[in-house]
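The basis for the numbers below is simple: all heavy atoms, side chains too, and nothing from hydrogens, waters or symmetry mates. The structure displayed is predicted, hence computed values, not measured ones.
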Amino acid sequence: MLEHRSCRLLPLLSALALLSLPSSALPAEPPQPAAVPAPNVPTVSNDVVLQNTLAAFAKLPGLAPQELEYGKNAIKGLDYNAQRAIRRFSLLPGASFALSRPLLTDLAQNKLSFEQLLAFEQWTSLNGANMSQAVVVLPGLRAMRREALKTFRACISMNGMDAGLALRLIPQLNAMSDDSSMTARQLFAIRGMDVRQGLASLATIQKFNRKQAWAFTSLAAGLDMTPDTAIAALPLISSLRDEDAWNFQFFLKRIKPDRNTAWTWLTRYFSQPVPVQEAMHYSMSALNRSALLEALYHAGEEIVWRINNLHAVTNEYGIEYSQAQLASMGAAQLQELFDKLSRTTRANYGGSFAAARQAGNRGKMISVLRQATTADRSQVGKDLTSANIYALLAQGSELYDSSFRDILVPILKARVSGMHRDNLLVFLRATDPGNILVSSFIVSLAQKGKLTDFFPTDAAEQQRILELVASSAFKDEDSILLFSATFRYLLTVLEPSSRHFLIQKMVVADNGRGSFSKLITVILQYYLQEYQDLLSPESTVLIQQTIARNGAVDIRRYLVTPFQQWKQDNQLGSLSIFHPDDDGRSSFVSNAQTLSKNGYRLQLSDQYTFAESVGEQQRFADIVARLGSSGSFAALFEAMRREPFSAAFVKQVNGILIRHSVHVYGDQESQKQVMHRFLKGGDEMLAQRGHSYWRSEQITDPIKQLQEGKQIADQDLTARQRFLSLGSCGGVKVYTKLTRLFLGRIDILATIGTGQAMINDPYNLHFFEIVANNASNMSWEDLARKTDFIFSGGRGQDYLQPGCLTAILHKILDEDMQRQGIKPKQDAEDLW
């Protein structure tokens with residue numbers, strides 16, 4: 001390898017040596033190093049490329065023989081991209097050897113990427129391009145950031161652009177943020193865009209915040225977009241609230257309207273105040289209401305994140321600033337944080353914040369900032385339309401309990417009372433005429449214990465609402481999976497006759513075919529076995545008839561555990577992942593204290609530590625030993641946050657070594673390494689702790705990246721049945737997504753509500769110890785009985801344990817899909 005690398009350096013060294021000589025000292029017969037292929041070279045003979053380049057260079061006016069010889073020797077050492085650039089600038093007006101020489105030196109010393117080459121070639125085709133400018137343009141393009149370079153290429157394609165103006169734009173475009181670059185690039189790329197119009201728009205574009213930039217980019221990307229419409233939209237987009245900009249972007253992406261339709265929605269709906277939007281929703285056609293609701297639902301993640309944000313002040317990644325960090329900030333930095341709040345909140349707290357700033361009291365500024373960011377959770381909800389709140393509540397357990405019960409439900413309840421005669425059915429028919437989200441909305445209310453706030457007590461009214469529920473809950477396998485987790489909650493709030501009505505709807509929905517019919521049968525069979533007290537005699541008979549018709553399913557098959565395989569090596573291992581924020585820290589400390597109090601010893605985790613030397617490995621081990629012996633778990637968390645090592649709590653139980661490894665998330669690349677070691681290693685349990693919105697960074701994204709990079713294969717995911725403990729808030733959609741990510745070879749403890757350390761810590765502790773102390777043929781049902789003390793007193797009612805109905809249904813569906821050779825959907829959006 002070293003020898004090959006030395007050979008590749010010869011042409012470049014020869015070129016540099018030649019270029020360092022004065023022209024009068026050029027050798028008559030310079031050495032002829034072998035040509036070497038360079039990156040980005042298409043399948044073209046090097047001789048042909050070289051001859052074409054030399055022929056173009058030879059056309060330089062007034063070229064002396066020794067200058068030609070100089071150029072030949074220099075060009076031979078250059079790669080394909082550089083030679084193409086030479087062919088371009090050699091033919092420009094004003095080209096000469098004197099101007100070419102510094103560019104030859106530059107190209108020999110600095111690589112030119114293919115993207116930079118294409119930009120340079122585009123520039124040389126502009127009116128007025130000449131050699132004097134090329135000497136400045138070529139190094140200028142090389143210095144541009146990748147996003148800025150893409151924008152430059154779009155910019156110089158506009159009508160009316162000339163070479164001199166393009167040259168002057170390079171510094172301005174390079175100074176723009178990536179979001180502004182993306183937005184400007186999309187504007188410039190609109191067919192027929194005039195350079196005067198495009199450049200005049202830059203001032204507005206650079207004032208866009210990120211969500212406005214994304215909204216405008218989605219609008220400008222329309223296939224039939226025109227310059228006039230895009231330019232007219234700029235001031236409207238710049239005035240959009242964050243929520244409206246975000247929702248508009250999703251509306252455009254999902255609905256894909258034509259230019260006129262997009263313009264109508266922007267001007268008549270998304271750019272209007274909330275009261276106007278509220279009225280507009282109920283005046284538009286049923287088709288448009290359904291289209292809007294679908295977009296609002298899929299856009300919900302960002303707004304859910306804002307309402308869920310329990311931190312007082314966080315950075316752009318959601319990590320809470322400590323008091324020390326805030327105290328170290330200047331007034332301008334604190335102002336930037338305050339300016340991220342919603343408009344209404346800024347108006348409510350702006351006076352106090354400004355007064356504190358004017359008085360130079362940064363302590364007071366921080367206090368007001370904390371109060372304002374806490375109040376902003378509720379304000380975000382108040383600033384939403386009823387349709388938007390309805391779509392968010394349909395997300396169910398994606399919302400924290402406090403967000404769902406204490407913020408959004410009271411706001412919507414007041415609006416249903418004031419605007420819809422305090423009648424849920426009237427509200428549903430008016431808001432969601434296509435029944436798109438009715439089922440999710442109803443079961444979410446039932447799951448969170450808030451259905452009685454809205455649900456009528458009259459049986460006939462209940463049944464009319466259940467008609468709407470049935471139309472969306474029983475349409476396919478995925479909708480049944482979502483419905484199954486909250487079926488019991490719904491039954492408990494219904495009148496007996498309405499319960500029977502719902503059972504009838506399920507039986508009628510049974511089409512007798514495939515997985516769909518099997519899932520309905522299993523749900524009914526499960527409730528007949530486990531919740532007989534919720535069923536009337538009529539319902540019991542109806543269920544028995546359905547089971548007799550379709551055939552009973554042996555549910556015990558789906559309660560089999562993998563414990564025998566796990567215990568073959570006399571070891572049980574878990575990996576718990578914590579995020580480097582306040583919630584991650586508190587979860588880490590509570591978990592460490594629980595394990596420590598139960599006899600676990602702390603040591604360095606060799607498997608999940610990435611030391612660069614034996615000495616560094618020992619240093620990490622010393623840190624773990626020192627902090628572990630003193631019980632300084634918060635300090636250990638901080639040390640692990642700063643450096644790439646992990647710890648492990650170990651204990652011998654009944655001859656089996658139990659090892660609970662703990663890891664603090666560092667960055668995307670290191671997390672890929674961690675997940676790679678987990679999937680290639682022998683650990684049985686993966687636990688995700690802290691906030692739910694870090695789940696992608698911690699689990700799903702790294703696994704998908706490893707798959708895309710061919711670093712793991714399907715057999716790495718299916719080699720053993722693993723266990724996933726989701727300590728964070730969750731939902732059935734997440735449950736389904738992770739089940740499919742692990743190709744069905746996973747059992748899960750998850751909550752469809754709020755994760756609780758008082759459940760997660762003891763469960764993860766006792767889970768392995770119960771496995772170690774009991775027979776390997778113990779079922780999930782047996783394990784649930786042995787862990788029942790953790791959930792006693794009504795604690796953890798929202799948790800889905802392995803072996804529950806939802807788990808059984810997933811296993812049945814995965815089994816059927818594998819039998820049919822169907823690849824399951826993995827994206828959450830695909831479930832709708």
Side-chain angles (χ1 to χ4, degrees), residues 145 175-181 206-214 238 241-243 245-246 302-380 383 400 402-403 578-589 632 634-643 664-668 670 690-691 693-694 697:
R145 295 178 300 101
M176 292 169 60
S177 69
D178 285 352
D179 289 327
S180 295
S181 285
Q206 288 178 280
K207 293 178 183 177
F208 283 167
N209 62 32
R210 173 167 288 185
K211 294 181 177 61
Q212 292 168 342
W214 291 350
S238 68
R241 300 177 308 126
D242 279 359
E243 294 81 6
W246 186 257
E302 170 69 16
I303 302 175
V304 165
W305 188 90
R306 289 187 62 192
I307 299 173
N308 278 351
N309 192 359
L310 301 176
H311 300 298
V313 184
T314 58
N315 66 14
E316 60 184 304
Y317 303 109
I319 299 176
E320 185 176 15
Y321 289 118
S322 66
Q323 182 65 29
Q325 286 175 302
L326 290 174
S328 69
M329 293 181 181
Q333 290 175 290
L334 294 173
Q335 183 72 56
E336 286 180 11
L337 295 177
F338 185 82
D339 290 342
K340 292 179 180 180
L341 301 173
S342 66
R343 292 179 184 179
T344 308
T345 300
R346 293 200 307 270
N348 290 341
Y349 289 84
S352 300
F353 190 81
R357 181 173 185 178
Q358 188 173 4
N361 188 341
R362 287 192 297 120
K364 180 64 173 176
M365 290 176 68
I366 293 171
S367 176
V368 175
L369 177 61
R370 288 189 178 280
Q371 295 174 39
T373 49
T374 300
D376 205 42
R377 291 182 65 203
S378 295
Q379 193 60 56
V380 169
D383 289 342
Y400 295 166
S402 60
S403 303
F578 302 85
H579 214 72
D581 60 6
D582 184 59
D583 291 278
R585 182 186 301 105
S586 62
S587 295
F588 179 93
V589 171
S632 304
L636 178 62
F637 176 88
E638 287 301 315
M640 291 170 60
R641 183 179 64 82
R642 291 190 302 267
E643 299 197 76
V664 179
Y665 178 91
D667 55 37
Q668 186 180 62
S670 66
H691 271 316
Y693 45 75
W694 299 126
E697 284 86 348

Problem - Pairwise distance CD(Gln206) to OG(Ser177) - rounded to 0.5 angstrom - result: 7.5 Å
Exercise for the section: List for me each residue that meets side-chain contact (heavy atoms from CB on, under 4.5 Å) alongside Arg362, sequence neighbours excluded, and say none if there are none. Expected result: Leu334, Met365
Problem - Gap between atom CZ of Arg641 and atom CZ of Arg585 - 0.5 Å precision - result: 7.0 Å
Practice task
Output yes when a side-chain donor or acceptor of Ser670 lies under 3.5 Å from a complementary backbone atom of Asp667, and no otherwise.
Solution key: yes
Practice task
Determine whether Thr374 and Arg370 make a side-chain contact, defined as any pair of heavy atoms from C-beta on separated by less than 4.5 Å.
Solution key: no
Exercise for the section: Please identify each residue that fulfils side-chain contact (heavy atoms from CB on, under 4.5 Å) with Asp242, with sequence neighbours left out. Expected result: Asn209, Lys211, Arg306
Practice task
Could you check if a side-chain atom of Phe208 sits within less than 4.5 angstrom of a side-chain atom of Trp214, using non-hydrogen atoms only?
Solution key: no
Fill in the blank from the handout: For Val664 and Pro580 the tightest heavy-atom approach is CG1-CB, 4.1 Å
Problem - Smallest separation among heavy atoms of Ser403 and Asn308, with atom names - result: OG-OD1, 2.7 Å
Exercise for the section: Using a 4.5 Å cut-off on heavy atoms from C-beta on, say whether the side chain of Arg145 contacts that of Asp178. Expected result: yes
Exercise for the section: Assess whether atom CD of Gln333 is packed by more than 12 heavy atoms of other residues, nucleotides or ligands within 6.0 Å. Expected result: yes
Practice task
Could you check Arg241 against Ser342 for side-chain hydrogen bond (donor to acceptor under 3.5 Å, both in side chains), going step by step and ending with a plain yes or no?
Solution key: CA-CA 8 Å; Arg241 300 177 308 126; Ser342 66; over 6 Å; no
Problem - Non-neighbouring partners of Ser367 that pass side-chain contact (heavy atoms from CB on, under 4.5 Å), sequence neighbours left out - result: Gln371
Handout entry: Residues in ring pair (Phe, Tyr, Trp, His ring centres under 6.0 Å) contact with Phe338, at least two apart in sequence or another chain
Key = Phe353
Handout entry: Audit row: Gln379, Leu341, side-chain contact (heavy atoms from CB on, under 4.5 Å) steps and yes/no
Key = CA-CA 10 Å; Gln379 193 60 56; Leu341 301 173; over 6 Å; no
Exercise for the section: Using ring pair (Phe, Tyr, Trp, His ring centres under 6.0 Å) as the criterion, list what pairs up with Phe588, not counting sequence neighbours. Expected result: Phe578, Phe637
Fill in the blank from the handout: Taken to the nearest 0.5 Å, the spacing of Ser328 OG from Leu326 CG works out to 7.5 Å
Handout entry: Residues forming a side-chain contact (heavy atoms from CB on, under 4.5 Å) with Gln325, sequence neighbours excluded
Key = Tyr321, Ser322
Exercise for the section: Locate the shortest heavy-atom distance separating Asp339 from Arg346; write the atom from each residue and the value. Expected result: O-NH1, 3.3 Å
Fill in the blank from the handout: Rounded to the nearest 0.5 angstrom, the OG-CZ distance for Ser180 and Arg210 is 10.5 Å
